Amino acid sequence: MRSMPVLRAIGARFADTRPLDGLKIAACLHVTAETAVLVGALKAGGAEIALAASNPLSTQNDVAAALGGYGVEVHARAGVDIETYYRHIHRALDIGPDLVLDDGCDLVNILHTERVELLDAVTGGCEETTTGVIRLRQMTAEQALRFPMVAVNDTRTKRMFDNRYGTGQSTLDGIVRATNMLLAGRTVVVAGFGFCGRGVAERARGQGARVIVTEIDPVKAVDAALQGYEVLPMADAARAGELFITVTGNRDVIRGEHLAEMRDGAVLANAGHFDVEIDVRALEGMAQEVNFGVRPYTDEYVLADGRRLLLLAEGRLVNLTAAEGHPAAVMDMSFSAHALAVAWLAEERGRLAPGVYEVPAEIDTEVARLKLEAAGIAIDELTAGQADYLRSWRAGS
């Protein structure tokens with residue numbers, strides 16, 4: 001709580017105003033201590049909450065148990081199989097939600113495919129991740145999305161603080177914990193140069209690594225090149241890299257043909273939401289021997305020619321599996337935007353058409369203002385003359 005002053009202040013505000021009174025929320029999120037603070041704020045606002053995990057390996061069992069003791073319906077346990085994972089999401093949906101919170105779009109997907117009887121009651125929701133927003137925009141393009149969803153991932157504060165600084169630090173934290181690798185002097189391949197990829201590349205370069213970036217977007221590739229990174233197709237980067245980090249939101253970024261080119265001892269890590277960015281099945285098919293747990297969260301795949309490839313965290317989110325995810329100070333801002341967006345959705349119930357919505361700019365600004373206030377940082381304000389100048393088109397140069 002001490003590391004999340006913004007969300008704590010919002011929770012206190014919610015306790016006074018009760019913006020979520022009488023509403024049921026089904027949530028599919030990483031069940032961590034930081035998520036518990038978000039859930040506490042929503043509960044203070046009057047919501048009844050059912051929570052499932054958005055990743056089987058990120059659940060903190062002590063947090064899940066503690067939330068249950070505070071009257072939150074929790075369906076999560078660390079290390080469950082995929083069938084149990086989806087069963088937990090169904091159980092969270094059994095609450096009959098008015099609003100939903102998602103982290104990767106699995107809950108929303110199940111609502112639209114397997115629990116359609118609940119759709120009419122859902123008036124909106126929020127999505128936390130890049131991967132989830134990609135899915136939601138595709139659903140909107142196909143006119144499949146049945147209710148409004150707020151893309152919390154796309155706020156300026158989330159992209160800057162969470163995606164860039166949080167993912168950058170926590171991804172390398174997970175890799176170092178799993179391998180005890182010295183990054184200085186290593187050749188690190190970062191697949192994807194969105195906000196998360198930039199953060200990973202910056203932190204790796206800051207620790208002395210030579211960083212290669214792979215991209216499919218020409219604009220992002222130019223950005224990476226102008227920032228001094230080497231930009232290569234994965235087919236070429238595969239031969240050069242020692243550590244590979246995928247962070248694209250897409251599948252099969254590292255495939256069998258890439259694995260066949262990698263040097264002995266190459267390390268594979270994924271920082272994208274789902275475990276599809278590295279083709280683990282191809283790796284399993286190529287391996288003559290697999291040595292599980294050579295270090296915690298590190299499995300060794302021995303190929304026919306004797307080369308060893310090391311896969312971290314089973315190809316799942318390395319920062320939340322092999323480490324603790326983003327620091328609480330990062331999640332303070334992300335979850336504060338989430339909480340305020342939920343309250344906004346509750347206020348706008350019945351007035352929004354199905355589709356993907358940006359977080360209102362005033363919410364983003366409010367989160368940043370509260371963060372500055374908590375940190376004791378003051379900034380300038382516009383003078384009356386400056387404000388008039390910005391509103392006027394008649395003033396010349």
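Note that the structure is predicted; figures quoted are calculated from it, not measured. As a basis for the values below, the full set of heavy atoms in this structure was taken, side chains included, without hydrogen atoms, waters or symmetry mates.
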Are the charged groups of Asp21 and Arg18 less than 4.0 angstrom apart, N to O?
yes

I'd like to know if the side chain of Asp173 reaches the main chain of Ala323, judged simply by a donor and an acceptor atom lying under 3.5 Å from each other, with no hydrogens or angles considered.
no

Using a 3.5 Å distance criterion without hydrogens, assess whether the side chain of Asp103 forms a donor-acceptor pair with backbone atoms of Cys28.
no

Under 4.0 Å between a side-chain nitrogen and a carboxylate oxygen: does that hold for Glu284 and Arg281?
no

With a 4.0 Å cut-off on N to O distance, would you call Glu347 and Arg349 a salt bridge?
no

Got a salt bridge between Arg205 and Glu230, using NZ or NE/NH1/NH2 to carboxylate O under 4.0 Å?
no

Does a salt bridge link Arg135 with Glu127, judged by any charged N lying under 4.0 Å from a carboxylate O?
no

Looking only at atom types and distance, does a side-chain atom of Arg186 sit under 3.5 Å from a main-chain N or O of Leu182, one as donor and one as acceptor?
yes

Any side-chain to backbone donor/acceptor pair from Thr321 onto Val318? Under 3.5 Å, distance only.
no

Gln60 side-chain N/O to Thr32 backbone N/O, donor-acceptor pair under 3.5 Å:
no

Nearest non-hydrogen partners of Arg177 and Arg295, listed with the distance
O-NH2, 3.5 Å

Between the main-chain N or O of Val31 and the side-chain N or O of Thr35, is there a donor-acceptor pair closer than 3.5 Å?
no

For Asn109, what residues pass the side chain to side chain contact (heavy atoms under 4.5 Å, CB included) criterion, not counting sequence neighbours?
Thr113

In terms of side-chain geometry, is the basic nitrogen of Arg255 or Asp279 positioned less than 4.0 Å from the acidic oxygen of its partner?
no

Let me see the working for Arg146 and Leu111 under side chain to side chain contact (heavy atoms under 4.5 Å, CB included), right down to the final yes or no.
CA-CA 10 Å; Arg146 292 275 299 276; Leu111 260 176; over 6 Å; no

Charged N to carboxylate O under 4.0 angstrom, Asp223 versus Arg198?
yes

Between Gly104 and Thr129 the two heavy atoms that sit nearest each other are N-OG1, 3.3 Å

Apply side chain to side chain donor-acceptor pair (under 3.5 Å) to Asp305 and list each qualifying residue two or more places apart in sequence or on a separate chain.
Arg307

Measure from the side-chain N and O atoms of Thr298 to the backbone N and O of Ala178, and report whether any donor-acceptor pair falls under 3.5 Å.
yes

Any Lys/Arg nitrogen of Lys24 or Asp98 sitting under 4.0 Å from an Asp/Glu carboxylate oxygen of the other?
no

Do Asp364 side-chain atoms and Thr157 backbone N/O form a donor-acceptor pair below 3.5 Å?
yes

Is Glu358 salt-bridged to Arg137, cutoff N-O under 4.0 Å?
yes

Search all heavy atoms of Ala64 against all heavy atoms of Ala76 and return the closest pair with its distance.
CB-O, 4.1 Å

Counting N and O atoms only, with roles assigned by atom type, does the side chain of Asn319 sit under 3.5 Å from a partner on the main chain of Gly325, one being a donor and the other an acceptor?
no

Inspect the contact between Arg164 and Glu202 and indicate whether a charged nitrogen and a carboxylate oxygen are less than 4.0 angstrom apart.
yes

Mind running side chain to side chain contact (heavy atoms under 4.5 Å, CB included) on Val302 and Asn291 for me, showing each step along the way?
CA-CA 8 Å; Val302 184; Asn291 299 311; 3.9 Å; yes

Could you walk me through whether Asp388 and Arg391 pass salt bridge (Lys or Arg N to Asp or Glu O under 4.0 Å), step by step?
CA-CA 5 Å; Asp388 287 342; Arg391 286 192 294 263; 2.6 Å; yes

Any side-chain heavy atom of Tyr301 sitting closer than 4.5 Å to one from Met286?
no

Could you walk me through whether Ser334 and Glu128 satisfy the side chain to side chain contact (heavy atoms under 4.5 Å, CB included) test, starting with their C-alpha distance in whole Å, then the side-chain angles of each, then the deciding distance to 0.1 Å, before giving a yes or no?
CA-CA 8 Å; Ser334 296; Glu128 174 77 6; 3.8 Å; yes

Worked verdict on His273 versus Thr131 for side-chain hydrogen bond (donor to acceptor under 3.5 Å, both in side chains)
CA-CA 6 Å; His273 184 78; Thr131 300; 5.8 Å; no

Please check: side-chain N/O of His75 versus main-chain N/O of His88, any donor-acceptor pairing under 3.5 Å?
no

